[in-house]
Amino acid sequence: MYIKKILLKNYRNIDNTYLDLNPNLNIFIGNNGQGKTNLLEAVYLIATTESHRTNRDSELIQWDEDSALVQLKLIKTDYDLTISYKIEGRDKKIKINKNPLEKISDLVGNLNVILFSPEDLKIVKGSPSNRRKFLDLEISQVNPYYYHLLKEYNHILKQRNNLLKKMYNKKNRDLNLLEVWDDKLTDKGSKIIYKRFQVLNKLKILARLAQRKLTSGNENLNIKYDSTLKVSKKNEKEEIKNIFLNTLKKEREKEFERGYTLSGPHRDDLLLKINEINVRKYGSQGQQRTVALALKLAELEFMKSESGEYPVLLLDDVFSELDKNRRNTLLSIINERIQTLITTTDSKDINKLLKKNNNNIYNVKDGVIEKR
Ligand SMILES: Nc1ncnc2c1ncn2[C@@H]1O[C@H](COP(=O)(O)OP(=O)(O)O)[C@@H](O)[C@H]1O
Ligand SMILES: [Mg+2]
């Protein structure tokens, strides 16, 4: 798939911009603070319904304006579609081919993107929530049902946690009521874990291949699902549900004390190892960067294998930071097959790209994006 056109109105520091993108490479050059990431963020928003930088939509509206609009025309193998996303105060209105969407979450799965940014290192080094987000976002884009499942799970989790807090006082304990919530939570939760195991099985093979490619065969990456429950990839959904239910029962008293749900997919993690060594704890900076890149490359191939189409790549300020080997690996993958939007502050950086590919180059200055 590729983005043919983008229209932005009052999106952050970009007033009114219309771009006719190249199906292959699009390079955005500008100093810091000019609006390059803002543009990529707008594309990311259409893919995921969320900004990668804030969860307050109102921040996306240009200061002193009431609304912001992102509209794009997407070309897929079999069909085209136009998506429009308008943020007005606290409201958002999304249309696909002029038809309003009832649920915002129905947007996910139309445009698939993978964003590479310096923040990716967090997937390796950061807290478990970063790794869960990485996996969840990946699955959601190729399986919108999973995205709904996550939303439902989080909703149930919140209600259950509220109930636990109320039941702190022994007199208020209604165990029958809690069990109703246990059932709902474990029903959705077991489906989430089951799906994560399935996807991870494929993803870890792709990541392993990418890591080998990036290190000339020297490093073996291994990814393991590190659950708060005693589950394994061999378990069926029903078994996972039972294990989850039993764990909740066992942890009752602790949960009343703490006032939240201690185990479940919302607290699970991924364990990343190179040659059997925990990368998060003991990996060198270079290894950690390579793993972050390998995970992203795996994501890319996974999306292609699941949806039949490559996603759109967004490379935000990362190209200049890659060494020659990683850069070439990335380029050999893009290789005129994948639409890519690259931002950089340094135009020298991209000279190498220009010889090989057909591309559009844009200057970005003070929110104005102009084709060279
Ligand atoms: N809601 C907004 N309205 C207007 N300008 C904004 C808004 N949010 C951020 N900006 C401006 O956008 C600029 C940052 O743009 P960004 O795309 O992150 O820069 P870069 O080109 O370095 O990637 C800053 O100058 C910031 O002041
Ligand atoms: Mg930026």
Side-chain angles (χ1 to χ4, degrees), residues 3 5-19 21-22 25-72 84-94 111 113-123 126 130 133 137 289 292-293 296 312-322 326-327 330 334 339-351 353 359-372:
I3 301 165
K5 298 174 190 165
I6 303 184
L7 175 70
L8 297 175
K9 276 188 189 159
N10 302 329
Y11 188 91
R12 294 221 192 235
N13 72 338
I14 304 167
D15 300 335
N16 200 335
T17 289
Y18 172 85
L19 304 173
L21 292 184
N22 190 299
L25 262 191
N26 298 274
I27 302 163
F28 300 89
I29 304 170
N31 291 333
N32 284 322
Q34 301 304 310
K36 301 184 300 297
T37 302
N38 292 344
L39 172 69
L40 298 195
E41 179 189 41
V43 174
Y44 188 92
L45 182 76
I46 299 272
T48 66
T49 79
E50 284 158 28
S51 155
H52 63 292
R53 296 195 289 191
T54 174
N55 40 31
R56 274 188 298 271
D57 285 341
S58 56
E59 284 178 22
L60 309 177
I61 304 173
Q62 189 164 110
W63 303 320
D64 305 328
E65 295 289 338
D66 304 322
S67 68
L69 175 75
V70 184
Q71 192 173 309
L72 55 83
S84 124
Y85 194 122
K86 189 170 186 184
I87 306 160
E88 212 163 6
R90 288 169 149 246
D91 249 22
K92 38 189 173 184
K93 295 196 182 88
I94 303 174
L111 167 64
V113 302
I114 293 185
L115 170 69
F116 290 67
S117 80
E119 306 275 283
D120 293 343
L121 205 51
K122 276 197 206 152
I123 302 172
N130 292 286
K133 197 171 171 203
L137 193 63
R289 277 183 197 284
L293 183 60
K296 291 277 162 160
V312 173
L313 282 194
L314 309 173
L315 307 187
D316 196 14
D317 274 340
V318 288
F319 207 70
S320 53
E321 289 186 9
L322 297 174
R326 290 180 203 150
R327 207 181 267 213
L330 189 57
I334 296 172
Q339 187 183 39
T340 308
L341 280 61
I342 297 183
T343 73
T344 180
T345 49
D346 184 359
S347 55
K348 269 184 267 149
D349 224 53
I350 45 144
N351 285 343
L353 292 170
N359 52 63
N360 290 2
I361 303 176
Y362 301 87
N363 291 324
V364 184
K365 197 169 178 225
D366 202 11
V368 179
I369 307 173
E370 265 172 344
K371 195 169 167 206
R372 267 195 196 168

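Every number for a ligand or one of its atoms is a count from 1 in the order of the listing. Quick note: numbers below take in every heavy atom, side chains included, and nothing from hydrogens, waters or symmetry partners.
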Would you say the Mg ion (ligand 2) has T37 as a near neighbour, meaning an N/O/S atom of that residue under 2.8 Å away?
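True for T37.
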Could you check if a side-chain atom of [X] sits within less than 4.5 angstrom of a side-chain atom of [Y], using non-hydrogen atoms only?
{"X": "I369", "Y": "Q34", "value": "no"}
{"X": "L115", "Y": "Y44", "value": "yes"}
{"X": "L19", "Y": "N360", "value": "no"}

My understanding is that we take every heavy atom of each candidate and find the minimum distance to atom 15 (O) of ligand 1. Doing that for D15, N38, I14, which one comes out nearest?
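It is N38 that holds the nearest heavy atom.
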Evaluating non-hydrogen atoms only, which member of N13, D317, D64 is closest to atom 11 (C) of ligand 1?
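It is N13 whose heavy atom sits nearest to atom 11 (C) of ligand 1.
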Tell me which part of [X] gets within contact of ligand 1: side chain, backbone, both or neither, using heavy atoms under 4.0 Å.
{"X": "V364", "result": "neither"}
{"X": "E59", "result": "backbone"}
{"X": "N31", "result": "backbone"}

Carefully, step by step, assess L322 and L293 under the rule side chain to side chain contact (heavy atoms under 4.5 Å, CB included).
CA-CA 10 Å; L322 297 174; L293 183 60; 4.1 Å; yes
If we only consider heavy atoms of K365, is any one of them less than 4.0 Å away from an atom in ligand 1?
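Flag not set, K365 not near ligand 1.
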Steps toward salt bridge (Lys or Arg N to Asp or Glu O under 4.0 Å) verdict (E41, R12)
CA-CA 10 Å; E41 179 189 41; R12 294 221 192 235; 2.7 Å; yes
I would like to know whether T37 and H52 meet side chain to side chain contact (heavy atoms under 4.5 Å, CB included); could you show each step before the answer?
CA-CA 10 Å; T37 302; H52 63 292; 4.0 Å; yes
Indicate yes or no: does an N/O atom of K36 lie under 3.5 Å from an N/O atom of ligand 1?
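Between K36 and ligand 1, an N or O pair is found under 3.5 Å apart.
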Would you find a donor on one side and an acceptor on the other, under 3.5 Å apart, between the side chain of Y362 and the backbone of G30?
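Side chain of Y362 to backbone of G30: no pair is present.
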Under a 3.5 Å threshold, yes or no: a donor from one side chain and an acceptor from the other, between N55 and E50?
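No, no side-chain donor-acceptor contact under 3.5 Å.
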Among all the protein's non-hydrogen atoms, which is closest to atom 27 (O) of ligand 1, and how far away is it?
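Protein heavy atom with the smallest distance to atom 27 (O) of ligand 1: W63 CH2, 3.3 Å.
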Minimum-distance protein heavy atom relative to atom 22 (O) of ligand 1
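For atom 22 (O) of ligand 1, the nearest protein heavy atom is G33 N, 2.6 Å.
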Considering only heavy atoms of I61, which atoms of ligand 1 have at least one such atom less than 4.0 Å away?
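Here the atoms of ligand 1 in question are 1 (N), 2 (C).
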Short list, please: which atoms of ligand 1 are under 4.0 Å from a heavy atom of R53?
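Answer, ordered by atom number: 18 (O).
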